[in-house]
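Take a look at the structure set out below.
Predicted model only: the values in this text are computed from it and were never measured. When reading the values below, keep in mind they use all heavy atoms of this one structure, side chains included, and skip hydrogens, waters and symmetry mates.
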Number of protein chains: 2
Amino acid sequence: MSLEEDVDELSSNYGDVTLNELQSTADPKAGKWREAVEGKEWTDVSDLVEELAGSEVLIRGRVHTYRQVFMILRQSGSTVQCVAKQSEETNVSVNMLKYLKQLPCESFVDVIGLVVLPKDPIKGATQQVEIHMRKVYCVNKALTKLPLSVEDAARSEEEIEKSFQPKKPGGKAKPFSRVNQDTRLNHRVLDIRTPANQAIFRIQCGVENFFREKLLSKDFVNIHTPKLMAGSSEGGSAVFRLEYKGQSACLAQSPQLHKQMAICGDLRRVFEIGPVFRAEDSFTHRHLCEFVGLDVEMEIQKHYSEIMDLVDELFVFIFTSLNEKCKKELEAVGKQYPFEPLKFLEKTLRLTFEEGIQMLKEAGVEVDPLGDLNTESERKLGQLVLEKYNTEFYILHRYPAAVRPFYTMPCADNPLYSNSFDVFIRGEEIISGAQRVHIPEVLEKRAGECGIDVKTISTYIDSFRYGAPPHGGFGVGLERVVMLFCALNNIRKTSLFPRDPQRLTP
Amino acid sequence: MSLEEDVDELSSNYGDVTLNELQSTADPKAGKWREAVEGKEWTDVSDLVEELAGSEVLIRGRVHTYRQVFMILRQSGSTVQCVAKQSEETNVSVNMLKYLKQLPCESFVDVIGLVVLPKDPIKGATQQVEIHMRKVYCVNKALTKLPLSVEDAARSEEEIEKSFQPKKPGGKAKPFSRVNQDTRLNHRVLDIRTPANQAIFRIQCGVENFFREKLLSKDFVNIHTPKLMAGSSEGGSAVFRLEYKGQSACLAQSPQLHKQMAICGDLRRVFEIGPVFRAEDSFTHRHLCEFVGLDVEMEIQKHYSEIMDLVDELFVFIFTSLNEKCKKELEAVGKQYPFEPLKFLEKTLRLTFEEGIQMLKEAGVEVDPLGDLNTESERKLGQLVLEKYNTEFYILHRYPAAVRPFYTMPCADNPLYSNSFDVFIRGEEIISGAQRVHIPEVLEKRAGECGIDVKTISTYIDSFRYGAPPHGGFGVGLERVVMLFCALNNIRKTSLFPRDPQRLTP
């Protein structure tokens, strides 16, 4: 029996939603979908719980998979098994089955059906109820051939590895496809749909929420500084230049100068969350050309430890809140990318740079006592700290002055060192901070010593001539916090649409 | 008696803080300031209340003014009167008086003194207690000659006008200086210090907080989309172009394309707060080349009114919260720039574009029924709506399709109109929103009709080929919301460091 031959009395129970209906028609008689949903409310897939058994629901989601009469409907990170059962209660026609079968994966459908408790626990879906479909309408059809399958993209490396072994001895292996990173990023709108990615961007949102919550509770003001600047931001080659109405301009490499100017403008304690642009040719797992900076700047009363006190309280709060309030999301990430929870102390460990150098020395690693640590030494020190203090989160302060920017305040007792710090998660730097020089004469001297033409930063230096309080602050990369908290191996996984030296799309 | 001659036994009670002390020394004997503050906590000026009378406090602030023995100390928007009284309790020496006298305005000082209840109410300060100074140290000295006086910059137009009249008949007028806008913006770090500006940026922070709070409570996810894009964003000439690692790139004119792609990526309901770049040559009171966009995008179930429902709930919440929680700040703004509180309804008024045109017509204003409203007609309609409905906040929807972007969904009943809306405050547009076309074939057709080369936006259009839900959203300018809520006359007043076609600094 072909579709044409079949005069289906139940044809109003399924079909494609028409363009007219999708254009927000208010007419309840505009089409069969419009009639079917009239007066009904949609239930979220994540809200499909056992208490709803026996009731009829209207749900919307994507066709995740369809096998025999079982359709897995997916909505964000949640999935539910929908069954096309030909019974008196459901009235599913042969043509409705045919209709269901031809729906491409990832298409959006509206399902009206009965919530039923299954006999056996459901393995292939997050929800523990089954929907016996009565009506199904395709809201939007996906292409039949997709550049990647969300099912494939959602598998853990372990599952893929396993699939290369035959299930039974002597049998044939059915290896799963591995979706490589470039394919994922090229088709990011498909890639983002995996449960791990759905979770990652909710965790990122959490980091930002907890960051703001803590700072707002401490009277910080959220500011927005310009990204378009005259001159060359903090200088250096890693700057994007452009023409601005006949002037030469650049994109801010950080809100450094302006957040300090906000302090000179009496805002006292400020933070900013915004894009930061670095034209660096860094092809590493941890560098992007555009990332989200979490920046803080604050007056200090007498010691730069006040800034480290804030870092301590703030990040312990963020980590604790993530563990408490993003449990489901952290689980979803761990399912595809297994990781151990971050080890951190209630009171964050602080070591001086000299102490760090000493620890490395005792472990046989010689580093320049007045130079910077390279990535390898940072990792090694992270290991040593973990072994000795049982923490993967710590502050290293009093860095050599020579490796910090010109505006860093030198130490009172030794000008070779500075009132600055870096903070590490799992052996990688995520935060850089310091007390700043707020005395214009000292600032000019330091700029000169660092080979910076004072004229190019005169607006900045002048800001301190009208009275400036002692102050300091720090900057954090949002993507790095999420990457390192979840021990992910690449920062591109925590940027929604990453930008690196080779990637400017999508 | 010169300063040199005077061997002041009380010289440890005043003086400049040394560089060494400012470099975060931990040594309590490093200097007289460091000794004086040892073990003491700073009290905020805003916390100086009558209950503290009789106790000694340590406060930090700027020298706002110094006349005779009265110093007004300012900290953000709060001021307190500090008196240099030579008494047994305070031990103020002649040299300390001399020291105080030579301190330039805007210098930062630490004052240790006794909290005293004044006999008469204090007019020239926000705090109703007086500080009898015991010790005073200059933490940072300002230049003696400043490019503008904060006292001048803080005056209302009314006060300035008044000063042109003599106080007594026949007397001589002592006109105050008027600080013009360019002087203010050139020296923004001084300008920001006025009580009105201190309040404006706290109100701006409030708008953002309430915006986020409401959206997060409705399961929206905060996202960050790239500002660096290949091609030309939404097209048009108002785009900043730059070179990106050998490719031609531009700065995003809005997060439009990427926020829609986030919806295609199943994030379901997203918002973004971030910079938006427009290379327009608009020299108006309401245009900037860089501003902060509040962007929202959401799945819709069946009608674009769902988006307007959100706008309604969201903005009524923001306005109500501002009135409740930013009372002090709104008062501070009103003191310098008097304004009437915004009139808005509990349930926001919605008019169709056709109804708006009709109201204008009845008032004698003829406008093209399928064209856009110009600024003048918008203002006129605002007046008419205020008179008829007693609200300065309303939604105008079903705009002619011809005046909306290609990705706007046409109306189901008439393709000359579209499922779009603008929202107005006090006769000026602040929000633009719409249901989007989520069907790739329709999108291609619309782009073609609007003269856009489909090839240049293929990534965008392709996003909808992998299954896309009906959706829509809107965008708001943060600076405009603050400007119009407080009825300020220029958007430069609500941007911390504004960027317009002629201004790229500070």
Side-chain angles (χ1 to χ4, degrees), chain A residues 20 22-25 42 62 76 106-108 140 142-143 146 189-190 192-193 201-202 205 208 221-228 230 240 242 244-245 247 249 258 261 264-266 268 274-275 290 292 301 303-304 409 412 419 435 459 463 465-470 496-497 499 501 504-506, chain B residues 20 22-25 42 62 76 106-108 140 142-143 146 189-190 192-193 201-202 205 208 221-228 230 240 242 244-245 247 249 258 261 264-266 268 274-275 290 292 301 303-304 409 412 419 435 459 463 465-470 496-497 499 501 504-506:
Chain A
N20 187 264
L22 291 169
Q23 286 179 298
S24 297
T25 179
W42 278 257
R62 294 185 185 275
S76 286
E106 297 301 309
S107 297
F108 264 96
N140 187 265
L143 287 180
L146 299 170
V189 291
L190 278 157
I192 295 170
R193 297 177 192 170
F201 293 100
R202 285 173 172 85
C205 178
E208 196 167 333
V221 182
N222 187 3
I223 59 166
H224 295 278
T225 64
K227 304 309 153 202
L228 288 167
F240 288 107
L242 70 158
Y244 183 94
K245 305 281 164 196
Q247 286 180 71
H258 283 99
M261 284 159 77
C264 294
D266 286 355
R268 302 192 66 201
E290 179 181 344
V292 180
Q301 307 299 352
H303 202 283
Y304 75 95
M409 184 67 95
N419 293 343
Q435 179 182 358
T459 322
S463 315
R465 300 192 199 278
Y466 314 135
L496 197 55
F497 297 101
R499 295 291 181 254
L504 189 53
T505 53
Chain B
N20 187 263
L22 291 169
Q23 285 178 300
S24 297
T25 179
W42 278 259
R62 295 183 184 275
S76 286
E106 298 302 309
S107 296
F108 263 96
N140 187 264
L143 287 180
L146 298 170
V189 291
L190 280 158
I192 295 171
R193 297 177 193 170
F201 293 101
R202 285 174 172 86
C205 178
E208 196 167 333
V221 182
N222 188 4
I223 58 166
H224 295 278
T225 64
K227 305 306 154 203
L228 288 167
F240 288 108
L242 70 158
Y244 183 94
K245 306 281 163 196
Q247 285 181 72
H258 284 101
M261 282 159 77
C264 293
D266 286 355
R268 303 193 64 202
E290 179 180 345
V292 180
Q301 307 299 352
H303 202 282
Y304 74 96
M409 184 66 95
N419 293 342
Q435 179 183 358
T459 320
S463 315
R465 299 191 200 278
Y466 315 135
L496 198 55
F497 296 101
R499 295 290 180 254
L504 188 53
T505 51

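- Highest contact tally toward chain A, considering only B:Pro501, B:Ala249, B:Ala468, is held by B:Ala468 [criterion: heavy-atom pairs under 4.5 Å].
- Interface remark: B:Asn419 contributes side-chain atoms only to the contact with chain A (heavy atom separation under 4.5 Å).
- The most heavy-atom pairs under 4.5 Å with chain B, out of A:Thr459, A:Leu496, A:Thr225, come from A:Leu496.
- Considering CD of A:Glu106 and SG of B:Cys264, their distance stands at 11.5 Å, rounded to 0.5 Å.
- Residue B:Gln435 holds its CD atom at 7.5 Å from CD of A:Gln23, rounded to the nearest 0.5 Å.
- Interface summary for chain A: among B:Asp266, B:Val189, B:Leu22, B:Ile192, the most heavy-atom pairs under 4.5 angstrom belong to B:Asp266.
- Listed options A:Leu242, A:Asn222, A:Thr505 were ranked by heavy-atom pairs under 4.5 angstrom with chain B; first place goes to A:Asn222.
- Both the backbone and the side chain of B:Val221 come within contact range of chain A, each with at least one heavy atom under 4.5 Å from a heavy atom of that chain.
- Residue B:Leu146 touches chain A through its side chain alone, counting heavy-atom pairs closer than 4.5 Å.
- Within the 3.5 Å criterion, the main-chain N or O of B:Tyr304 finds a donor-acceptor partner in the side chain of A:Ser24.
- Considering only residues two or more places apart in sequence or on other chains, A:Ser76 meets the side-chain contact (heavy atoms from CB on, under 4.5 Å) condition with A:Gln198, A:Arg202, B:Arg268.
- Across every non-hydrogen atom of B:Leu504 and A:Ala230, the tightest pair is CG-N, 3.6 Å.
- A search for side-chain hydrogen bond (donor to acceptor under 3.5 Å, both in side chains) contacts involving A:His224 returns B:Glu208, not counting sequence neighbours.
- Residue A:Arg499 touches chain B through both its backbone and its side chain, counting heavy-atom pairs closer than 4.5 Å.
- Judged by distance alone, the side chain of A:Asn140 and the main-chain N or O of B:Pro469 form no donor-acceptor pair under 3.5 Å.
- Heavy atoms of A:Leu228 lying under 4.5 Å from chain B belong to its backbone as well as its side chain.
- Contact between A:Arg193 and B:Tyr466 at its shortest, heavy atoms only, is NH1-O, 2.9 Å.
- Interface summary for chain A: among B:Gln247, B:Gln301, B:Met409, the most heavy-atom pairs under 4.5 angstrom belong to B:Gln301.
- Interface remark: of the candidates B:Lys227, B:Glu290, B:Arg465, B:Glu290 forms the most heavy-atom pairs closer than 4.5 Å to chain A.
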